[in-house]
Amino acid sequence: MLLGVGITFVAFVLTHLVPGDPAAANLGQRAIADPAAVAAFRAHYGLDKPLPQQYLIYVTNLAHGDFGESQQSHRPVRDDLAEYVPATLELASTAIVISLVLGIGLGVTAAMNRDRIVDQVLRVTTLAGVSMPTFWLALVALYIVFFKLGWAPSGGRLDPGQLPDAHVTGFYTIDALLAGDWATLTSAIAHIILPACVLALYTVSLLTRFTRASVLEVLGNDYIRAARAKGLPERIVIGRHILRAALVPVITVAGVAFGSLLTGTVLVETIFAWPGIGQYAYRSATNLDLPATMGVSLFVAVVYITVNFVVDLLYGIIDPRIRVG
Amino acid sequence: MRISHSPQRLLTGGIGFALLLMAACGTSGNQGSTSKTLVVDKSFDMKTADPGREFEISGSIVVKGLYDTLLTFKGSDVTKAVPSLASSYDGSSDATTYTFHLRHDVKFSDGTPLTSADVVFSFNRMKNIKGNPSFLLAGVTTTAPDPYTVVLTADAPNTAIPFIVPNPALGVVNSKVVKANGGTDAVGADKSDTAEPFLDKTSAGSGPYILQSFSTTSQVVMVTNPKYWGTPPAYSKVVVRNVVAATQSLDVQKNVAQIALDLSPDQASSLGSNLQVQQSASPNVFFMFANANPSVSRVTSNKNFQDAVRYGLDYAGLVQLAGKGAIQAAGIIPSLFLGALPQSDALTRDLTKAKAALAASGFTNPTVTLEYPSDITVNGLQFQPGAERIQANLKDVGINVTLAPAPVASSLANYRAGKEVLGYWLWGPDFPDPSDYLVFLPGRLVGLRAGWAAGSDPAVEALGKQAETTVADSARAALYQQIQKELDLHGPIIPLFQPGQVIAASNSVHNLTSNPTWTIDVASFN
């Protein structure tokens, strides 16, 4: 409760400290000169009230699930978030799955082949992966994979004009699956793969490097030698003994990376015309759309709190030594 | 042996997984449209599909397809309004009363006949919502003496009315449907009208299209209106998508989109020859001003300093910087409109004159700050390169310019408060009539932003008043030209250039034209 009030207070104060007038940013060049239009705008969004009163109203409404109305979309922020958060969540989840599968797999591969050619190649490529700016990579991927090779669509969540199935989860792939709509499912998968791969590249590289380092550290332990000496199959040595111990720091990194993926997708979403929370945040911030900016800030706070909580739980599952009690 | 074999399998598996993903991507990689679907790529500034509230570029494209207006423009010619819902109209000699005679065969998409009551409702609602387009009918009363006649009465002579009513924001809605869904045209509609969410889902117009889906961030889908009274459009479905310029360029070349609207002149020059590319002067005018208010700046309010700026700028260089299709703004009224100055009247650089003016001002190497928005792109142009060029030009004269870019949300407040010492901005037309540019006169909207108070230039102000009440086009054109010549020579506001407007389209799109009011009319293509 206290954390929630603190987050809303800090977000509210910082959002309102930004120099500029929301009326000037949202009304047109003529309307801003019309006192009636300006007064109507201020009254509609409660900007005509003192700041402390605005905050109290905001918090009271928030307690009832009302995030206010966006000055850009003219819709309740709650509805906007309900539309855009699943889009980003679907993209980020796909990216993190790709990242975990490839990152851990390649990290183990590199560690088990330490200083061999496979390891050398992976070290160089992952260094490149963490160094490449995502927006640049997105443009290059779009140019090569879509424009030159024609292997992927250019942008959006579905083909132009194609409508999603009834909103159940907001994940177009899952909603299409639930509806048994294979055409939409195929389209949704085709559209998500390229931006997810682009988004995942940094995390794949990061996880590969962390997994490699972590596995190498574990490999030197006596119990690994003992496991091998007992004649355990190598897959069991890797799966049960090496990975369980090595994954704890990797999960921490993956958790932070997932939070970053969820809240840092603006450039990828823009280039791939992906209507997610990143685009919404950018548009809201540049237009001084205060209710929307507040909504996004709260979303980001909730993401990081949730991710940290989940990561703490995972520690205990992966490494029994960490379990409380 | 097994130790090295297992990781290799993992690596192979990883690559295999990646290939599988890429294969999945290939399933619908090239989504070329059918011949009946038109895909338009646009970087969205979309807020609503409610004609009473929209006043954005993306919104106008959509609303133009969904709603009809009393008059319209043919193609890109905005010098003459032509019939649409109104088969004819008459204007009084004093430009205060305009009578529109409606067609009798127009039906809304639900089959309800369109009458003058719908026009009155739509216009009053738009006005009383007090939104962005409400100023269009400020001081104008709408009445309906009979079901097929509409009368607009202005408090003061308003020669712009025939050029205002084609604006998509004055699209006529089905009053019965909108009222049933929370709409009202009464005074206080800014608080009581709740029809916007409905109109963002379902259109209630008589236009060539009806709304199938609407999103302010992804796409708007329109399909043909089976009850449309005019010639049915060639495309049965239109998709307007939110796509950034870099992606638009690839989309239009791959024919994923048939039209791209936000390419810069540089991007346009790299397009293949299998596309049609229109590059003409946009109606947006980039200008700068030296604040004439002495309390804001003692330096810039000096008339000689203003002359030093005026003659110190390299206009040809700025036009070249703006790219292909750009032209110098000879006056503040864009070249497409009645009353525009010919290029022969445009200002030219004269460094000797500029240096002499600076010397006469009494300021030696003054330092002034130039403010401009740093985060907006108009016609593919950002303000930063132009600001840097202005800085370099004025350095040649002996004026030191400090650049002060800021996000538009912040810089607008300073600009609109008239506090900027030097400002670099643009004006996009609200309606294609020269009277829209009277705001640049002393004591008016933009004049005040440049610190030019009423009474600063009585001669120009008198010309402005005369232009407002003059009805005949030839006389109006002459008056507006005279005003602009005075502004060019003595005003603190200096018109710079009109950037090129690029529209790239697939060769399959015929009759490609653009219009300053709604950019493109998707129903006009075939």
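Within every chain, numbering begins at 1; the chains are lettered A, B, ... in the order of the sequence lines, protein sequences first and strands thereafter.
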Check whether more than 12 heavy atoms from other residues, nucleotides or ligands sit under 6.0 Å from atom [atom1] of [X], and answer yes or no.
{"X": "A:Arg225", "atom1": "CZ", "result": "yes"}
{"X": "A:Tyr143", "atom1": "OH", "result": "no"}
{"X": "B:Phe198", "atom1": "CZ", "result": "yes"}
{"X": "B:Leu271", "atom1": "CG", "result": "yes"}

Spacing of [atom1] belonging to [X] relative to [atom2] belonging to [Y], to within rounding of 0.5 Å:
{"X": "B:Ser215", "Y": "A:Arg75", "atom1": "OG", "atom2": "CZ", "value": "7.0 Å"}
{"X": "B:Ser218", "Y": "A:Gln279", "atom1": "OG", "atom2": "CD", "value": "9.0 Å"}
{"X": "B:Ser410", "Y": "A:Asp21", "atom1": "OG", "atom2": "CG", "value": "10.5 Å"}
{"X": "B:Gln253", "Y": "A:Ser154", "atom1": "CD", "atom2": "OG", "value": "12.0 Å"}
{"X": "A:His74", "Y": "B:Asp200", "atom1": "NE2", "atom2": "CG", "value": "9.0 Å"}

> Passes side-chain contact (heavy atoms from CB on, under 4.5 Å), A:Arg30 versus B:Phe431? Steps please.
Replying inline: CA-CA 11 Å; A:Arg30 290 285 199 158; B:Phe431 47 87; 4.2 Å; yes
> Taking only residues two or more places apart in sequence or in another chain, which ones pass ring-ring contact (aromatic ring centres under 6.0 Å, His included) with B:Tyr209?
Replying inline: none
For [X], is it the side chain, the backbone, both or neither that has a heavy atom under 4.5 Å from a heavy atom of chain A?
{"X": "B:Ser43", "value": "neither"}
{"X": "B:Arg444", "value": "neither"}
{"X": "B:Thr48", "value": "side chain"}
{"X": "B:Lys47", "value": "both"}
{"X": "B:Leu445", "value": "side chain"}
{"X": "B:Phe55", "value": "neither"}
{"X": "B:Asp436", "value": "both"}
{"X": "B:Val439", "value": "side chain"}

Which atoms of [X] come close to chain B, meaning under 4.5 Å heavy atom to heavy atom: side chain ones, backbone ones, both, or neither?
{"X": "A:Ile32", "value": "side chain"}
{"X": "A:Ile192", "value": "neither"}
{"X": "A:Arg157", "value": "neither"}

Shortest non-hydrogen contact from [X] toward [Y]:
{"X": "A:Asn26", "Y": "B:Asn132", "result": "O-ND2, 3.5 Å"}
{"X": "B:Leu412", "Y": "A:Ala25", "result": "CD1-CA, 4.2 Å"}
{"X": "A:Ala31", "Y": "B:Gly131", "result": "CB-O, 4.1 Å"}
{"X": "A:Ala36", "Y": "B:Lys130", "result": "O-CD, 4.0 Å"}

>> Quick one, A:Gln162 and B:Val221 - any side-chain contact, counting heavy atoms below 4.5 Å?
In response: no
> With a 4.5 Å limit on heavy-atom distance, are the side chains of A:Phe146 and B:Asp251 in contact?
Replying inline: yes
>> If we define contacts as heavy-atom pairs under 4.5 Å, which of B:Val239, B:Val240, B:Asp50 has the most with chain A?
In response: B:Val239
>> Under the criterion side-chain contact (heavy atoms from CB on, under 4.5 Å), I'd like the reasoning laid out for A:Leu163 against B:Gln212: C-alpha separation, chi angles, the key distance, then a yes or no.
In response: CA-CA 9 Å; A:Leu163 301 179; B:Gln212 189 180 48; 3.9 Å; yes
> Do the side-chain N and O atoms of B:Thr217 and A:Tyr84 include a donor-acceptor pair separated by under 3.5 angstrom?
Replying inline: yes
>> Which one wins on heavy-atom pair count under 4.5 Å against chain B: A:Asn287, A:Thr286, A:Asp34?
In response: A:Thr286
> Ignoring hydrogens and geometry, is there a side-chain-to-backbone donor-acceptor pair from B:Gln219 to A:Gly161 under 3.5 Å?
Replying inline: yes
>> Under a 3.5 Å distance rule, please check whether A:Gln72 uses its side chain to pair with a backbone N or O of B:Asp45 as donor and acceptor.
In response: no
